[in-house]
Structures are given as C-alpha cells and as structure tokens.
Amino acid sequence: MATIGAGMRRTRRVAEYERFCAVDCEFPQKGVLVASFVRNCDFEKGALRSGFGAKKYYIEGQPEKQLPSALTNYGQAKMVFTALVKTADGSIKRTVGLQSDVNHVYLYDIDEEDVVYIGAFEKLVRALSYVAPDGHAKVILCATDQLVVYEFPNATTKVFQGELTGACLFHERLFVATKHSLTYSAPTDVENFEPSLNGGGEIGFDGQRGEIVWVESFGESIYVFFEYGIAKLTADGAGSEFVVTNIPYNGGRILAGTVSVFEDKLVLASVEGVFIFDGRKCTKIKTIKNNTLRASAGCVENRYFLCYVDEQGNQRSLFVDLADEKNGGECFPVYGLNESGGKVMCVSDYAYSYLDREGDLPQQEKYLFKVSSCDFGSRAEKSIKYLCLQGVGSCVVKVKGRSGVRTISFDLGTRESVGIDGEINVNGADMVGGKRKIVGLKGREFAFEITLQKGCVIRKMSVEYDELGGVK
C-alpha cells in the first residue's frame, strides 16, 4: 500500500449524485447512486425517500376504537379484507375480516362490536361485497374448496364446493372460476346458478393455455387469466349472447392472486416479471424471476405491491412504481396483503392495517439504503473531506473506509419550496438547502449506509474528497 507523504499531490474532486435507485436498476450515466441493498425506500423522481408504511384500519364512525383482539392477533394472517354489511339501523357500512394462519375466517360485527366466526376454508381467494336491489348486503367468500355467501347477522349459504380459482361480479351476476370453466349466476341473484336462458350457465375452456388462475371484471368486459394466456369475455345480455375472445400473451406462467386494477389498466405478475395489461396486450415493466405458484398484490398511488414466498421459503415483499419503471425495491414483509375496498389491506405489528405513504414501519424495520463499494470512478487512494446532503427530514449516514468508520447525523430541515425554474429547493440550510459535514476518512473505496427517518427525502448527495497520488 502506498504511503502518502507531504510531497504527494492532492487533487480536490467532488462526486455528485442527483439520482438514487434500487439494487436492480441499471443506469449508464454518471451521477446515479445504485444501492447494493435497499429496504423500505422509495425513489420517486430519483430522490431517496422513506417508503410506504402501514396505517391502522378503523371502522367507519369508530375512528378511535381498536378492533378486538381476535382480529389483531394474527401476525401472519393469510388474507385480510373489507366487506359491506347492513347494520341494525338499516345503513350499509364497511367492516373488516380475515383468514387466520390456521385457515379460520372471521368478520367483525359492527352492531355487536365483536367477531363472528364464519368457518374454516382451505385458502381464501377473494372476498366480494354485493348489495342487492332489495337492499340486502351479502359477503361473498371464494376459497379454493368452496364459495360461501354470508349475510349478517348469521345467515350462511354454501353455494359451491369444489376446486375454485376465483370469482368476480359483473352486471349483477356472480362469475365463479374453476380450473377449466366459468360458471355464472342469474342476474341480481348471486346464489342462483341454475342453468336457464336468462339465468345461470357455464362456459368451458379447452385447457390449452393451462388452468384458470384468476377472473377479473374490468371496464365493460370480464378477463379470464389462465396460467399461459388471457381471454376476454363480453357478457352482455343473456348467456347465449356471451362472446369469448382470445388475447395474445407470451409472458410466462401467470401467478394466481396478482391481478390488480390500476387506473384504466390491469397489472399482473408472472414468473418472468410484472406486466401492464390494457385490454389488448401485455407489456412487461419489470423483470422479477420467481417460481412461486401463488402470490398476492395490490395497487396504491401508482405503486404495485407484490408479496410472495421465494425459492428459499422466505416471505418477500416488493413494489414497482407503475409511473416510473426505474422506481421500485424491497419492502417489509406484508402478511395477508389484499386489495379490498379501495385500499391495500394487510396485517402489520399484529394490527389490521392498510398500506399508505404516511404509514409507519413495523417494529424492527428501517428505511435503509446501502452501497457496499463506491470508488467515485477511480482506483486511486482518496481522502474524503466532506459529505453534503440536500433534502428534508432527518437521517444517519455511516461511512466506512480503510482508515475507519464515521457515523454522521443530518437534520435537513422541514420545508421545501419551488424555485423560479420549477425545481424544488430546500429552505433554511447552507449549501443551497444542504448540510455539509466533516468525514475525514481515507481509502480507495468506501461503503455508505443511509438510515432515513420517516418523511426524509434526499435529493442530492455530494462527496468532497482529495485524490492522492503523484509528486508535486
């Protein structure tokens, strides 16, 4: 190793990073800091920021009331959902329910302020709400072994029994999928599947595209998702007028439980990645390799959250920004994730919750961004003098070099404003909204570990260093 003496040349340089991204992002240009490990961070508009967390869910009209323990003690619930029910005063309200880790399904009774046990199901696939023209509110629970229609206070009807893969509502009918067929109910009668000209019926598929893994009503059609294909069902009028149209697809085996509505499109995951489907074709927006059969997913604020078990048996959760393919990353394990009632529901810290930008992380989790090795584009010996961050909020940066480790706390302020050029500037700190701290470390390469506090946004990181070498 070279010894740097008083006669050696020191060249002052500045490495500037104005964009941050997750592990699997590829940027050819300079000025991008790519993580070697990241968790619970978001990269909207290229900034490094604290990611989404979980907010506790409360019953409408009961904002301060904690849900009973039967709904909050399942830290690894298989599915959580919301459902519309008719209360004692005749009003329709949204309640909550879940399938526990031992397959029991519960609903919360708003009137009694207690939990109702519905029954044991193999694997709950979907929970739907249906308010009939006569005002009756019914909860439709579709599992892999049965379909049950429940109406408060205690009316339960088992409608189907067999190997089911999905269900959806469309034009007052209930459509139920098995591995190779789609059965539909009579209009306005979701419990009547008796075949008739204007009533119920069944549509069979030949199995050439594999088994049906999901069915979704979207726009003015129903889309049937097979393991290796997609079909569009135009289901207007009587069953005899239904039309099936095949849609080209070559994106690998589609994962059950991953179809989600995003604005005027659908999003789905396969063993090859995440795709956006516009009703005519699928476009891959993110490559994610996995071999799982079933996963769960949901969309909130342009983010597509995907939860699955990887090949090593680990529960994994990640997100993809549907408006910016360069934004995405790993997040905290989410149990029971399910899109329901306009929210992406889950269990977090044993509480019934939903994903939200203003939510909190579970205990023991951090907003963490790591770079294991960074040489600023040169293998020369260096001496870092200063580290400058621009943004808002608080964070801690740990820098490691050959000569040691420094842990530096930053308080970047609390306000942002938009400048005359339309760019966001940060008020109240030196270095045009930044904070400049002494580092004092030497080495050829350095590691950075940034731990953000909730609400922190880092828009730019600058490293001032001397490049050492040569003779004066």
Side-chain angles (χ1 to χ4, degrees), residues 83-84 86 92 125-151 155-249 254 256 259-261 264-266 268 277-281:
L84 296 175
K86 192 171 186 178
I92 302 294
V125 175
R126 196 162 196 183
L128 300 167
S129 297
Y130 177 69
V131 180
D134 60 7
H136 286 265
K138 300 180 179 183
V139 182
I140 301 166
L141 301 172
C142 178
T144 53
D145 60 335
Q146 59 184 301
L147 185 139
V148 164
V149 177
Y150 182 83
E151 186 175 356
T156 304
T157 304
K158 183 177 290 188
V159 178
F160 266 96
Q161 195 161 5
E163 296 182 276
L164 309 182
T165 61
C168 71
L169 291 163
F170 183 74
H171 286 187
E172 302 290 337
R173 295 182 189 263
L174 174 60
F175 289 77
V176 182
T178 62
K179 291 182 177 181
H180 298 292
S181 67
L182 195 61
T183 304
Y184 53 91
S185 73
T188 72
D189 189 353
V190 296
E191 299 177 42
N192 178 13
F193 290 84
E194 194 68 31
S196 67
L197 182 62
N198 295 309
E202 182 178 8
I203 302 169
F205 297 92
D206 57 21
Q208 291 185 8
R209 290 161 293 178
E211 298 175 358
I212 298 174
V213 297
W214 195 256
V215 57
E216 186 70 49
S217 57
F218 179 64
E220 287 303 308
S221 303
I222 292 174
Y223 292 90
V224 184
F225 293 86
F226 304 88
E227 291 175 294
Y228 300 97
I230 304 172
K232 174 182 175 180
L233 174 64
T234 304
D236 297 323
S240 59
E241 299 172 342
F242 291 180
V243 177
V244 176
T245 306
N246 293 326
I247 295 174
Y249 172 78
I254 296 173
V259 179
S260 180
V261 177
D264 60 345
K265 301 177 180 65
L266 295 175
L268 60 98
F277 175 61
D278 62 5
R280 298 180 301 277
K281 66 180 186 301

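From a predicted model like this one, the values you see are computed outputs, not experimental measurements.
- A donor-acceptor pair under 3.5 Å is formed between the side chain of Arg173 and the backbone N or O of Ser185.
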Practice task
Apply side chain to side chain contact (heavy atoms under 4.5 Å, CB included) to the pair Val125 and Thr165, showing each step before the final yes or no.
Solution key: CA-CA 7 Å; Val125 175; Thr165 61; over 6 Å; no

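- Among pairs with a residue in residues 128-142, those fulfilling salt bridge (Lys or Arg N to Asp or Glu O under 4.0 Å) read Lys138-Glu191, at least two apart in sequence or across chains.
- Atom-to-atom distance recorded for Ile92:CD1 and His136:NE2 is 9.5 Å, nearest 0.5 angstrom.
- Legend: residues meeting side-chain contact (heavy atoms from CB on, under 4.5 Å) with Phe218, ordered by chain and number and at least two apart, are Tyr223, Val261, Leu266.
- The distance from the CD1 atom of Ile230 to the CZ atom of Arg280 is 12.5 Å, given to the nearest 0.5 Å.
- Leu147 is listed as a side-chain neighbour of Leu174, based on a closest heavy-atom distance under 4.5 Å.
- The side-chain heavy atoms of Val259 and Phe277, taken from C-beta on, include no pair separated by under 4.5 Å.
- To the nearest 0.5 angstrom, Leu233 atom CG is 6.5 Å from Phe205 atom CZ.
- The structure places CD1 of Ile212 at 12.0 Å from CZ of Phe225, a figure rounded to the nearest 0.5 Å.
- Listed by chain and residue number, Lys179 satisfy the side-chain contact (heavy atoms from CB on, under 4.5 Å) test with Glu163 (two or more places apart in sequence, or in another chain).
- Applying the salt bridge (Lys or Arg N to Asp or Glu O under 4.0 Å) test to residues at least two apart or on different chains, the pairs with a partner in residues 216-232 are Arg126-Glu216.
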Exercise for the section: Apply the test side chain to side chain contact (heavy atoms under 4.5 Å, CB included) to residues Phe160 and Thr178: give CA-CA distance (whole Å), side-chain angles for both, the deciding distance (0.1 Å), then the verdict. Expected result: CA-CA 10 Å; Phe160 266 96; Thr178 62; 5.5 Å; no

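- Within the 4.5 Å cutoff, side-chain heavy atoms of Val190 are placed close to those of Leu169.
- The two residues Ser217 and Phe170 make their nearest non-hydrogen contact at CB-CD1, 3.9 Å.
- Residues satisfying the side-chain contact (heavy atoms from CB on, under 4.5 Å) test with Pro133, not counting sequence neighbours, are Tyr130, Glu172, Thr188.
- With rounding to the nearest 0.5 angstrom, the CD1 atom of Ile247 is 11.5 Å from the NZ atom of Lys281.
- Nearest approach of Gly229 to Ile254, heavy atoms of both residues: O-CD1, 3.9 Å.
- A distance of 10.0 Å separates CD1 in Ile140 from SG in Cys168, rounded to the nearest 0.5 Å.
- Ring geometry, Phe242 versus Phe175: the interplanar angle falls from 30° to 60°, so the pair is classed tilted.
- For Ala256, the side-chain contact (heavy atoms from CB on, under 4.5 Å) criterion is met by Val213, Arg294, not counting sequence neighbours.
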